[in-house]
A.B. asks: 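Quick one: this structure, given as structure tokens, is what I'll be asking you about.
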Protein chains: 6
Amino acid sequence: MKVVTFGEIMLRLAPKGYERFFQNYAFNASFGGGEANVAVSLSNYGIKSAFVTKLPKHEIGQAAVAELKKFGVCTKQILLDDHRMGIYYLEKGASQRPSKVIYDRAHSSIANAQLNEFDWESIFEGVDWFHFTGITPALGSNVAQVCLEALKNAKKHKITVSCDLNYRKNLWSTDTAKQVMVPLMEYVDVLIANEEDAAKVFGITSKGTEVESGVLNPNGYKDVARQLVSKFGFKKVFITLRESINANHNNWSAMAFSDDHAYFSKKYELNIVDRVGGGDSFAAGAIFGVLNGYTDQETVDFAVAASTLKHSIEGDFNRVSLKEVNQLVQGDETGRVQR
Amino acid sequence: MKVVTFGEIMLRLAPKGYERFFQNYAFNASFGGGEANVAVSLSNYGIKSAFVTKLPKHEIGQAAVAELKKFGVCTKQILLDDHRMGIYYLEKGASQRPSKVIYDRAHSSIANAQLNEFDWESIFEGVDWFHFTGITPALGSNVAQVCLEALKNAKKHKITVSCDLNYRKNLWSTDTAKQVMVPLMEYVDVLIANEEDAAKVFGITSKGTEVESGVLNPNGYKDVARQLVSKFGFKKVFITLRESINANHNNWSAMAFSDDHAYFSKKYELNIVDRVGGGDSFAAGAIFGVLNGYTDQETVDFAVAASTLKHSIEGDFNRVSLKEVNQLVQGDETGRVQR
Amino acid sequence: MKVVTFGEIMLRLAPKGYERFFQNYAFNASFGGGEANVAVSLSNYGIKSAFVTKLPKHEIGQAAVAELKKFGVCTKQILLDDHRMGIYYLEKGASQRPSKVIYDRAHSSIANAQLNEFDWESIFEGVDWFHFTGITPALGSNVAQVCLEALKNAKKHKITVSCDLNYRKNLWSTDTAKQVMVPLMEYVDVLIANEEDAAKVFGITSKGTEVESGVLNPNGYKDVARQLVSKFGFKKVFITLRESINANHNNWSAMAFSDDHAYFSKKYELNIVDRVGGGDSFAAGAIFGVLNGYTDQETVDFAVAASTLKHSIEGDFNRVSLKEVNQLVQGDETGRVQR
Amino acid sequence: MKVVTFGEIMLRLAPKGYERFFQNYAFNASFGGGEANVAVSLSNYGIKSAFVTKLPKHEIGQAAVAELKKFGVCTKQILLDDHRMGIYYLEKGASQRPSKVIYDRAHSSIANAQLNEFDWESIFEGVDWFHFTGITPALGSNVAQVCLEALKNAKKHKITVSCDLNYRKNLWSTDTAKQVMVPLMEYVDVLIANEEDAAKVFGITSKGTEVESGVLNPNGYKDVARQLVSKFGFKKVFITLRESINANHNNWSAMAFSDDHAYFSKKYELNIVDRVGGGDSFAAGAIFGVLNGYTDQETVDFAVAASTLKHSIEGDFNRVSLKEVNQLVQGDETGRVQR
Amino acid sequence: MKVVTFGEIMLRLAPKGYERFFQNYAFNASFGGGEANVAVSLSNYGIKSAFVTKLPKHEIGQAAVAELKKFGVCTKQILLDDHRMGIYYLEKGASQRPSKVIYDRAHSSIANAQLNEFDWESIFEGVDWFHFTGITPALGSNVAQVCLEALKNAKKHKITVSCDLNYRKNLWSTDTAKQVMVPLMEYVDVLIANEEDAAKVFGITSKGTEVESGVLNPNGYKDVARQLVSKFGFKKVFITLRESINANHNNWSAMAFSDDHAYFSKKYELNIVDRVGGGDSFAAGAIFGVLNGYTDQETVDFAVAASTLKHSIEGDFNRVSLKEVNQLVQGDETGRVQR
Amino acid sequence: MKVVTFGEIMLRLAPKGYERFFQNYAFNASFGGGEANVAVSLSNYGIKSAFVTKLPKHEIGQAAVAELKKFGVCTKQILLDDHRMGIYYLEKGASQRPSKVIYDRAHSSIANAQLNEFDWESIFEGVDWFHFTGITPALGSNVAQVCLEALKNAKKHKITVSCDLNYRKNLWSTDTAKQVMVPLMEYVDVLIANEEDAAKVFGITSKGTEVESGVLNPNGYKDVARQLVSKFGFKKVFITLRESINANHNNWSAMAFSDDHAYFSKKYELNIVDRVGGGDSFAAGAIFGVLNGYTDQETVDFAVAASTLKHSIEGDFNRVSLKEVNQLVQGDETGRVQR
């Protein structure tokens with residue numbers, strides 16, 4: 001089985017621990033981005049995964065490529081140019097103080113991607129699954145066109161397509177998002193969204209799904225999923241359900257929706273180490289489950305367990321093995337020392 | 001609007017994370033002290049603030065001055081000499097293990113301050129508010145005299161005066177504290193205290209205000225405030241109310257008392273990053289509210305929200321903006337990532 | 001009073017914070033091992049303690065010796081050779097992700113210990129107590145023989161002997177453990193075990209003592225202790241009771257059993273900094289209590305308070321003073337700053 | 001006396017020590033840029049200096065402003081917008097391996113500066129000296145126009161103008177540089193250049209001034225300076241002379257040229273800690289000398305001593321006091337401990 | 001072109017900077033070993049390289065594999081078992097204090113390698129070059145047998161074979177070394193040695209080749225090479241020539257010997273950052289030159305330039321590109337900043 | 001053999017690498033002081049050594065005691081009180097920039113030492129050698145009196161006494177130094193001084209011994225030693241001879257003077273890692289040589305080799321073994337890796 005993901009990988013610069021920006025003269029530096037995070041997770045589970053993007057030729061761009069190789073992700077289809085590397089600055093929140101992300105991703109190499117640059121024929125050879133997120137088309141209308149090109153080509157190759165909506169208000173308005181995303185949806189088989197995305201991108205809501213109310217309403221999200229399926233014909237919809245108590249404590253669960261049935265996962269209480277990449281680790285888990293023929297219940301359980309573990313790990317990437325996810329799926333959440 | 005604070009700024013030396021003293025051969029080094037912390041907070045909220053003290057001429061003393069400048073605090077009235085810089089060693093506690101402070105502040109430059117050294121006429125020109133804490137007069141009888149000199153001069157300039165009682169048992173006995181502090185109180189308009197100070201310094205208590213009992217009694221503190229007002233004629237009294245569950249978890253709220261009414265803030269559950277400077281961040285919030293004509297309820301809400309955020313930040317200084325405090329005041333304590 | 005402990009001290013290599021192995025190119029390096037940890041604790045409480053082992057002559061072995069000296073532990077009876085130093089790699093878990101220990105301790109100097117190498121006559125001169133754990137005989141049949149030699153000698157010197165069962169499944173099977181440990185038990189006066197050990201090593205269980213059920217059953221453990229005493233004739237049995245909520249949160253208490261009575265300690269809710277060495281810190285506390293003639297209730301209270309503090313401290317060693325343990329025993333678990 | 005400098009300040013990201021990019025997952029982070037470096041140096045010598053630029057509003061931009069404040073540089077005329085902060089990645093070379101700089105400065109806030117945005121009337125009030133480098137006009141034709149606007153305004157205010165040529169081949173070609181820089185030269189009183197700039201920007205060379213030959217020819221540089229003065233009418237020309245033995249060892253000296261006389265400084269052998277900002281520290285020294293009425297010999301001696309010290313200091317900024325420079329000028333280069 | 005190397009990769013644990021072992025409680029952790037270092041260098045130059053070894057299955061072993069992948073080295077033929085990872089502790093010397101290496105490599109997975117475990121047929125498919133060092137057969141007679149098996153198989157595949165003598169006195173005596181190495185030499189085409197190896201392993205010396213005399217004698221080494229060729233029939237011999245002035249300063253050059261002619265490289269003066277892996281980086285350079293049909297002079301110049309750069313880089317691996325080596329070969333050793 | 005030293009041990013706070021004070025918000029923290037450094041060196045060579053001082057009871061004072069224990073120094077005679085710990089801030093110089101020391105040692109526990117506090121009878125039991133430096137009597141007239149008390153007692157016990165003059169201009173004037181030191185000299189057998197001390201403390205100079213001239217004159221120092229012996233009757237005089245080229249490079253040698261003969265050591269060229277404690281490491285070497293009956297030439301060679309190594313080691317303490325010093329004495333200064 002082989003999966004391809006397409007999008008941006010950024011340099012992530014974060015002060016250490018809970019320090020505020022420039023409280024010390026240093027940044028922890030790593031790499032991350034929605035689709036790259038998914039490729040890394042899948043490779044960690046033993047799936048052949050490839051990540052497609054454009055990066056600058058210089059040493060920092062090459063370091064991103066090397067990092068993906070370290071995790072076994074295929075990087076052969078990454079294009080190189082002389083533009084820049086997208087960056088995001090991340091300050092980790094604590095207690096009532098929220099985490100903060102500053103994006104410096106405009107003018108990046110991938111944001112300069114053009115139609116016909118990527119050899120989708122070659123990229124999709126022998127591939128079973130293609131994944132992208134709503135961030136990629138948001139990088140610019142040129143990148144949105146490249147997405148469409150990829151999707152058409154994927155369908156030609158009979159590849160299953162998943163999309164994680166991932167609405168980012170600093171990249172585009174809800175209006176533009178809707179206009180760009182709706183036409184892409186016809187190529188999507190599996191939709192993944194968090195508790196806010198459907199409302200923001202498609203205006204689809206239901207009673208009790210206003211996130212600010214603090215309490216999440218399962219039935220409401222079932223209804224949201226039903227509307228999504230009815231409107232776009234998705235085979236499956238996954239919705240992650242985050243209850244934010246404070247920056248350190250969240251409750252985390254999800255719903256799979258398929259054949260008009262909703263499957264809810266167990267809910268985990270999280271002591272958060274790093275919540276960035278939490279949604280991506282869920283998406284990778286969901287893809288893994290569906291690819292491997294898991295039932296919908298098994299899939300949502302696996303995906304939530306995988307992303308539960310991600311919240312305990314520094315960095316965008318979900319550095320866990322299949323064995324570790326399965327241990328949690330099987331119910332051991334006591335965190336007892338493994339000797 | 002311009003605020004002046006007067007007191008000591010110390011070098012703060014702390015092992016990293018939860019390590020015990022000298023568990024590694026390094027200290028994180030920063031600066032802090034009750035009145036300096038207030039000056040920094042106010043400058044962060046856009047108020048012109050100046051800090052008055054004495055420091056050694058050498059590079060470490062100059063680094064303290066530079067640090068204050070970094071936060072926009074006016075340092076022009078800081079005197080320099082050849083004495084030493086006060087130091088405090090801080091070990092951060094966790095769970096049932098308390099944090100530990102070792103003071104090495106005797107013989108400092110500010111502890112050698114003398115009458116007539118400071119040009120209060122010039123310092124108080126155009127100033128609206130003067131703030132000091134009970135630590136400053138505790139540095140020595142000479143410094144207590146300088147405080148009195150400052151207070152008299154402040155009143156001459158019709159400046160509002162606030163005092164945070166901040167009793168420190170290692171600096172003086174409750175008897176000496178009472179003897180020195182009582183005469184200073186006649187110049188004070190706004191008194192700030194924590195749940196223990198009034199009892200320690202003035203012997204004023206009420207039923208249910210014994211801290212050790214674990215449960216705080218709101219009515220008791222109302223009564224304490226009423227006694228304080230009645231005895232010293234303060235315009236306003238603020239009392240912070242800390243419930244210590246363990247070194248990582250506290251509940252935090254406060255009461256404003258004015259015109260014989262008590263106003264209680266919301267209570268926050270804190271996951272503590274660093275609690276040193278928590279009281280100072282409250283004082284700064286209270287000063288900010290009163291200076292800006294907030295109602296008493298608004299003031300205590302603002303001050304508690306500001307100090308709630310402080311507990312999530314490393315170091316003495318409350319590195320938050322007005323906007324961040326207001327976001328919490330408006331009710332978002334979920335800590336969701338801000339992108 | 002003087003205590004001797006005998007066993008292995010290892011190099012402990014751990015990534016910083018909650019990072020996974022090799023997430024950064026660095027390890028925090030310290031030393032630890034069941035019996036060494038006990039010797040350090042006792043020295044911290046003012047008891048003369050000596051640690052007996054074999055270590056390589058090279059600089060890393062010498063650094064282990066120097067570290068013990070730093071804590072005042074007598075190292076004069078440590079033998080040196082040219083084998084290797086045992087190592088364990090530790091990754092700290094968080095939330096639902098468990099901590100992980102990789103042992104690289106085979107072929108160490110102590111695992112090459114031989115009969116008649118140690119001068120037990122000299123080692124036990126003036127000694128009141130001898131302590132070892134189930135890990136030492138598990139290092140090899142040669143080391144088990146050395147243990148037996150030590151135990152016989154200890155009894156000859158009328159020394160009280162304690163043993164912490166400490167079953168390690170990666171060192172030996174439950175069958176071998178039973179075969180080796182049973183004959184050693186006749187020399188043991190005080191047995192210490194955690195909630196799993198008795199079942200693993202001796203097959204002794206009782207209703208409600210299956211750890212996986214999550215809820216611990218006090219009466220069950222009383223019964224386990226009674227069976228242990230009845231079978232091996234121990235004077236006292238201590239059982240620690242850990243409830244693992246997740247990797248960050250545990251509940252911690254213990255039971256002393258003596259003269260057919262069970263004494264239960266207070267139960268503490270732990271916010272864990274580092275739980276490795278938790279059992280050893282309890283053992284040291286229990287030894288301290290018995291050595292000093294504490295009642296059984298006092299002893300178990302002291303030992304649980306001591307080990308509660310250990311969970312707030314990085315590293316194997318329990319870096320707390322007698323005064324600090326006593327403060328917690330006396331009931332202050334609020335973690336308020338000590339100035 | 002008051003000096004204004006105008007240009008870009010960038011975020012500087014450098015691996016620690018001599019590590020290659022991403023050899024570890026961290027960057028040391030600081031700020032620097034030709035004109036900002038000059039402003040900091042002058043403030044360190046007690047001159048009032050102001051730095052004019054545009055920066056993004058976000059926290060990283062604000063941290064740059066705060067850092068300048070820390071050094072006492074006036075930041076009131078810095079404009080804020082929503083573009084990005086220029087970045088440069090720096091890898092420190094050693095022995096035969098050269099240092100490497102990767103610029104990521106395109107699309108920055110200052111590169112988006114427009115005519116009439118800066119209030120030069122207000123900026124130049126009471127100002128004695130204006131300094132810029134050849135990097136600023138290289139940021140874009142719009143910025144070159146802003147430079148011209150500033151220069152005209154400076155002349156109107158009878159302000160002395162200095163320019164450090166600072167040719168950067170990655171920003172523009174020698175042809176474009178010449179075309180843009182020549183018209184600006186008529187406003188320049190004091191020209192500062194390194195041993196390559198005059199050739200690269202103006203095509204002015206002389207025998208023995210080919211840098212690659214390894215040996216620098218004093219008479220050749222005298223001739224270059226004479227040609228510069230003759231062509232552009234500068235009052236003074238300063239040329240720094242760097243002999244690069246390897247990345248750790250350089251020889252460093254300079255020449256002042258004025259009234260048709262050349263003044264050569266002492267030559268220092270440098271053990272380099274960080275050579276970035278070396279030229280800027282020289283420029284600041286030259287400005288300081290001329291501003292204070294030093295003779296040309298005194299000026300070049302001061303400027304070379306100042307920049308010699310810079311090479312021993314990490315970061316772009318020359319963190320030395322006037323007293324420290326003067327000690328070196330007076331001949332003590334033994335580096336004996338000062339207690 | 002494809003190269004295979006076979007040997008051990010170890011965990012390298014080094015205190016930071018020039019600190020002595022355990023001067024702080026931390027180690028920098030990386031990976032290295034003669035043959036792995038060569039594989040990494042060649043991959044950095046664009047050659048397909050594969051590294052063959054055995055490693056433990058656990059996370060530390062897997063981290064070594066991931067690190068090799070990061071550099072593009074093929075790891076598919078690495079076998080996994082449950083033994084341990086070899087370790088070496090490295091303390092960096094300075095001035096008159098030598099660097100110190102403590103090996104803890106006994107009982108490693110590779111030291112447990114057995115005949116017929118490796119599938120040499122598959123490993124050598126399409127391979128042009130096989131490289132090993134004298135360290136591999138020194139790991140044990142079993143590993144020496146595996147070497148012989150590999151060499152025979154390599155010859156069957158008409159693969160060029162290189163061997164770097166790399167005598168390690170702590171692994172075997174000169175007698176054993178000779179006994180084991182001589183029979184392997186008949187399969188070797190290209191021999192690489194440092195200024196001591198030929199004497200230690202084969203007893204081949206010549207006048208002026210006693211290293212302790214401090215001055216190296218070129219003619220002597222020519223004679224040594226002639227004897228080696230005459231005795232073993234090597235096609236080419238390379239000898240590196242290190243003059244150690246102190247731990248920070250060495251002179252570095254080398255000689256190629258082929259067809260009875262000696263070719264001497266330029267000599268570089270090194271300011272050393274890390275000299276471990278210096279010989280391996282030379283070997284990789286020599287292999288690269290011969291593989292690419294460079295003349296002997298070109299090859300030795302390339303190999304010395306490559307290894308000169310290695311001395312400026314932390315860690316065993318030579319993190320330089322082909323372009324960087326070529327820049328030095330072409331003569332630029334000034335270390336000027338590259339912007 | 002047993003040696004006692006008496007003086008101050010301070011907390012040493014130093015920024016990392018070559019950073020200036022507060023360039024980052026951290027200090028490396030260690031301990032050091034002239035006499036403590038000597039005690040550590042001697043313990044490292046296998047001599048029983050004890051250090052006598054007063055320290056504060058708090059955790060930082062206790063950490064100093066623990067650190068001495070780690071090196072095997074006897075700490076039983078250290079007195080504890082509630083004063084403070086002396087501190088020195090150290091900034092490491094580079095190239096032409098000198099290292100800088102800021103002392104914050106006034107009011108320390110040892111500076112508050114009183115006559116009759118120390119039990120010299122017990123301290124000197126079984127002791128062969130007593131060592132102090134000129135820093136100790138400079139701490140205050142009370143401490144000078146304690147020194148005299150110690151010296152008289154030492155003589156009563158027929159203990160050899162050495163004194164390292166160690167003049168510190170920030171502690172006292174040359175006049176006071178002379179007045180206090182002269183009467184102490186009658187108890188001193190072995191005097192140790194650097195190239196400046198004799199002139200500063202006793203006004204004894206000779207032609208060519210003005211340090212500033214850069215070139216040291218051996219005959220001059222011989223004459224200085226002869227004058228010292230003649231005036232005070234010392235049995236032996238040692239003078240260290242430092243030629244400071246810059247902060248990174250020094251030449252280092254010494255002279256022993258005894259029975260009217262001068263013995264000069266080899267001169268070493270130092271690449272300096274940390275020069276603080278260099279003189280103390282020499283003193284310890286000289287004491288070691290004399291104690292062990294080395295000839296004067298052997299003693300000065302040993303002492304200079306020992307202190308040469310110290311310059312390659314971070315921190316005040318000379319972390320070298322007897323074996324390491326002897327290797328250098330025997331002539332290997334090439335710094336070749338020891339495997």
Side-chain angles (χ1 to χ4, degrees), chain D residues 14-26 34 88-105 135 138 166-171 194-196 200 211-216 242-251 270-272 274-279 311, chain E residues 14 16-19 26 28-31 40 44 67 70-71 92 248-253 265-275 278 281 304-321 323-339:
Chain D
K16 74 171 191 298
Y18 293 112
E19 289 181 343
R20 305 230 69 181
F21 286 126
F22 263 90
Q23 189 159 353
N24 271 293
Y25 298 103
Y88 81 95
Y89 301 96
L90 170 67
E91 185 187 85
K92 195 186 287 189
S95 210
Q96 286 75 13
R97 178 168 59 82
S99 291
K100 204 166 257 188
V101 169
I102 299 173
Y103 286 109
D104 175 22
R105 65 200 300 178
I135 293 168
N166 250 345
Y167 177 71
R168 290 285 181 272
K169 71 170 190 292
N170 66 314
L171 288 179
N194 68 24
E195 71 283 9
E196 300 183 71
K200 293 281 170 59
V211 172
E212 296 74 13
S213 72
V215 186
L216 297 172
R242 183 185 297 276
E243 295 168 353
S244 295
I245 295 150
N246 69 26
N248 301 104
H249 289 283
N250 284 189
N251 292 327
L270 309 178
N271 281 70
I272 295 177
D274 184 352
R275 79 171 255 9
V276 178
H311 287 82
Chain E
K16 73 170 192 297
Y18 293 113
E19 289 181 343
N28 289 330
S30 57
F31 296 102
V40 167
N44 284 346
E67 189 69 7
K70 191 167 108 178
F71 286 94
K92 195 186 287 188
N248 301 104
H249 289 281
N250 284 188
N251 293 328
W252 179 250
S253 63
S265 77
K266 180 172 180 175
K267 185 194 286 185
Y268 293 93
E269 280 190 63
L270 308 178
N271 281 70
I272 296 177
V273 171
D274 184 352
R275 80 171 254 8
S281 63
V304 164
S307 49
T308 287
L309 290 174
K310 165 62 199 74
H311 287 81
S312 76
I313 290 168
E314 296 279 2
D316 272 52
F317 295 161
N318 193 12
R319 299 161 181 262
V320 293
S321 66
K323 191 179 153 198
E324 289 174 317
V325 180
N326 282 332
Q327 270 173 325
L328 184 52
V329 168
Q330 283 148 31
D332 185 359
E333 45 175 317
T334 62
R336 295 177 82 91
V337 181
Q338 304 202 321
R339 300 188 202 250

A.B. asks: Over all heavy atoms of both residues, which pair between D/Gln23 and E/Glu314 is shortest? Give the atoms and the distance, please.
C.D. replies: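 Closest approach of D/Gln23 to E/Glu314, heavy atoms only: NE2-O, 2.7 Å.
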A.B. asks: Do you know which of D/Lys92, D/His249, D/Glu91 has the most heavy-atom pairs under 4.5 Å to chain E?
C.D. replies: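 Maximum pair count with chain E is reached by D/His249.
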A.B. asks: Sort out for me which residue in D/Ile245, D/Asn246, D/Asn271 forms a side chain to side chain contact (heavy atoms under 4.5 Å, CB included) with E/Asn271.
C.D. replies: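 Single pass found, and it is D/Asn246.
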A.B. asks: Nearest 0.5 angstrom please: E/Gln338 CD to D/Asn170 CG, how far?
C.D. replies: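 Answer rounded to 0.5 Å: 12.0 Å.
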A.B. asks: If I compare all heavy atoms of E/Ser312 with all of D/Ser95, which pair ends up nearest, and what's the gap?
C.D. replies: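 For E/Ser312 versus D/Ser95, the nearest heavy atoms are CB-CB, 4.4 Å.
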A.B. asks: Heavy atoms only, distances under 4.5 angstrom: which of D/Arg275, D/Lys169, D/Lys100 has the most pairs with chain E? Name it, please.
C.D. replies: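 Counting heavy-atom pairs under 4.5 Å, the top option is D/Lys100.
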A.B. asks: Counting only non-hydrogen atoms closer than 4.5 Å, does E/Val273 touch chain D with its backbone (N, CA, C, O), its side chain (CB onward), both, or neither?
C.D. replies: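 Contact with chain D is through the side chain of E/Val273 alone.
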A.B. asks: Answer yes or no: is there a side-chain heavy-atom contact under 4.5 Å between D/Arg20 and E/Val320?
C.D. replies: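 A side-chain contact exists here, since the closest heavy-atom pair is under 4.5 Å.
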A.B. asks: Report which part of E/Glu324 has an atom under 4.5 Å of a heavy atom belonging to chain D: side chain, backbone, both, or neither.
C.D. replies: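 The answer is the side chain of E/Glu324.
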A.B. asks: Determine the option with the most heavy-atom pairs under 4.5 angstrom with chain D, choosing from E/Val337, E/Thr334, E/Leu328.
C.D. replies: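 Answer, by heavy-atom pair count under 4.5 Å with chain D: E/Thr334.
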A.B. asks: Are D/Gln96 and E/Leu270 side-chain neighbours, meaning at least one heavy-atom pair lies under 4.5 Å?
C.D. replies: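 Side-chain contact under 4.5 Å: yes.
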A.B. asks: Are side-chain heavy atoms of E/Arg339 and D/Arg168 found at a separation under 4.5 Å?
C.D. replies: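 Yes; the side chains approach each other to less than 4.5 Å.
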A.B. asks: Taking all heavy atoms of E/Lys70 and all of D/Tyr25, pick out the closest pair and write down the distance.
C.D. replies: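 So the two residues come closest at NZ-OH, 3.7 Å.
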A.B. asks: Show the numbers, then the answer: is there a side chain to side chain contact (heavy atoms under 4.5 Å, CB included) between E/Lys16 and D/Lys16?
C.D. replies: CA-CA 11 Å; E/Lys16 73 170 192 297; D/Lys16 74 171 191 298; 5.9 Å; no
